[in-house]
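The structure displayed is predicted, hence computed values, not measured ones. By convention in this document, chain letters (A, B, ...) are assigned in the order of the sequence lines, proteins followed by strands, and residues within each chain are numbered from 1.
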Protein chains: 2
Amino acid sequence: MSPRKFFHPDVSELTLHRILFALSDPTRLAVVLDLLKDGERASGDLLAESVPRSTMTHHLKILREAGVTRTRPEGMRCLISLRREDVDARFPGLLDAIMAHGGAEASAP
Amino acid sequence: MSPRKFFHPDVSELTLHRILFALSDPTRLAVVLDLLKDGERASGDLLAESVPRSTMTHHLKILREAGVTRTRPEGMRCLISLRREDVDARFPGLLDAIMAHGGAEASAP
DNA sequence: TACGATGTACGACGAAAATCGTACATAAAC
DNA sequence: GTTTATGTACGATTTTCGTCGTACATCGTA
């Protein structure tokens with residue numbers, strides 16, 4: 001009965017165009033802006049009102065496999081956080097620039 | 001006999017997710033990194049060896065309509081440049097972060 | 001004007017992505 | 001063990017994207 005496992009790429013495997021692609025979808029960008037503002041959040045609380053669960057799972061998988069987020073199971077739920085240090089280490093200033101933009105288009109599509 | 005015209009979005013119309021999408025394709029990212037390094041360049045000189053002209057036109061159109069680049073006709077050719085001030089005004093630090101990454105994945109796909 | 005050079009428009013094709021319903025898996029509580 | 005809450009896996013569908021050939025437009029020059 002192993003706990004749930006999630007693949008997370010190593011820092012050295014992060015590529016710029018993959019990260020940019022992950023952030024180029026309005027829904028995923030809104031998620032990341034939420035995380036930048038509020039820190040770790042339960043996946044079910046992210047845009048819960050406007051996106052079906054299976055769709056959110058899909059987007060979170062893309063963010064996770066691009067190395068942008070970390071998924072940590074906690075009981076029944078999943079806690080999502082940014083891999084800020086990792087992304088910063090490889091692409092310094094990128095998340096800062098995105099966070100600086102802030103809530104201007106943080107709403108869901 | 002009007003000269004060729006190209007649509008360029010106003011600074012206020014730039015959106016983060018559109019810009020990130022424009023930069024998320026390896027070919028387009030390579031073009032932008034070239035422009036960051038060398039300044040204005042003729043479109044025909046960009047990745048000329050590896051990308052057919054109609055394909056390059058397509059990518060340059062996406063970059064231009066996202067507000068990342070400016071296209072300026074000069075005789076038979078088209079000179080492409082980054083709209084650095086405009087992108088910087090709206091998303092400070094974004095291009096800096098991308099340029100900092102530099103040539104690590106500047107090669108074509 | 002006719003020609004060669006450069007770039008665009010358009011269309012077709014295949015690949016990839018976004019959405020989401022349903023079925024299944026996991027974890028906690030009863 | 002059963003139930004309930006949460007999230008994933010899978011598949012189907014539709015849309016979008018990337019590629020590129022061909023035809024056309026623009027520009028300079030002979």
Side-chain angles (χ1 to χ4, degrees), chain A residues 1-8 15 17-32 35 40-66 68-81 107-109, chain B residues 1-8 15 17-32 35 40-66 68-81 107-109:
Chain A
M1 188 184 89
S2 59
R4 285 180 287 175
K5 291 174 69 168
F6 297 98
F7 168 75
H8 293 88
T15 68
H17 78 263
R18 268 171 78 81
I19 289 183
L20 295 177
F21 173 78
L23 299 175
S24 71
D25 178 86
T27 300
R28 295 193 290 265
L29 183 55
V31 165
V32 169
L35 295 173
E40 192 172 47
R41 296 197 52 186
S43 72
D45 297 342
L46 291 163
L47 283 56
E49 67 291 343
S50 56
V51 180
R53 274 197 311 232
S54 58
T55 302
M56 180 56 72
T57 295
H58 167 72
H59 287 306
L60 291 177
K61 182 178 184 180
I62 289 181
L63 285 170
R64 176 169 49 80
E65 293 184 344
V68 177
T69 60
R70 184 182 288 106
T71 298
R72 176 167 71 88
E74 180 83 9
M76 286 187 305
R77 321 198 56 176
C78 284
L79 297 180
I80 314 295
S81 57
S107 55
Chain B
M1 188 185 94
S2 58
R4 286 181 286 175
K5 290 175 69 169
F6 296 98
F7 168 75
H8 293 88
T15 68
H17 79 264
R18 268 171 77 81
I19 290 183
L20 295 177
F21 174 77
L23 299 175
S24 71
D25 178 85
T27 300
R28 295 194 291 265
L29 184 56
V31 166
V32 169
L35 295 173
E40 192 172 47
R41 298 197 50 186
S43 71
D45 297 342
L46 291 163
L47 282 55
E49 68 293 341
S50 54
V51 179
R53 275 198 310 237
S54 56
T55 302
M56 182 55 73
T57 295
H58 166 74
H59 287 306
L60 292 177
K61 182 177 186 182
I62 289 180
L63 286 170
R64 176 169 49 79
E65 294 185 342
V68 176
T69 60
R70 183 181 289 105
T71 297
R72 177 167 70 91
E74 179 83 7
M76 285 185 306
R77 322 199 50 169
C78 285
L79 298 179
I80 314 293
S81 57
S107 54

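Between B:V31 and B:R41 there is no side-chain heavy-atom pair separated by less than 4.5 Å. Side chains of B:F7 and B:K61 form no contact here, defined as non-hydrogen atoms less than 4.5 Å apart. Residues B:R28 and B:V32 form no side-chain contact, since every pair of their non-hydrogen atoms from C-beta on lies 4.5 Å or further apart. Two residues are said to be in side-chain contact when any heavy atoms from C-beta on lie closer than 4.5 Å; A:E65 and A:R18 meet this criterion. A heavy-atom distance below 4.5 Å is not found between the side chains of B:I80 and B:R64.
If you measure from atom CG of A:L47 to atom P of C:dC20, you get 12 Å, rounded to the nearest angstrom. As rounded to whole Å, 18 Å separates atom P of C:dT26 from atom CD of A:E74.
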Exercise for the section: For side chain to side chain contact (heavy atoms under 4.5 Å, CB included), just list the numbers for A:T69 and A:L60, CA-CA rounded to whole Å, side-chain angles, deciding distance to a tenth of an Å, and then say yes or no. Expected result: CA-CA 8 Å; A:T69 60; A:L60 291 177; 5.5 Å; no
Can you tabulate the close N/O pairs, meaning under 3.5 Å, that link protein atoms to atoms of nucleotides 16-18 of chain D?
residue, atom, partner, partner atom, Å
D:dG18, OP1, B:R28, NH1, 3.4
D:dG18, OP1, B:R28, NH2, 3.0
D:dG18, OP2, B:R28, NH1, 3.3

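Rounding to the nearest 0.5 angstrom, the gap separating the CG atom in A:L23 from the CG atom in B:L23 is 11.0 Å. For the atom pair NE2 of A:H59 and CG of A:L47, the computed distance is 9.0 Å after rounding to the nearest 0.5 Å.
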Problem - Base versus backbone protein contacts along nucleotides 5-11 of chain D [heavy-atom cut-off under 4.0 Å; B, S, -] - result: BBBBB--
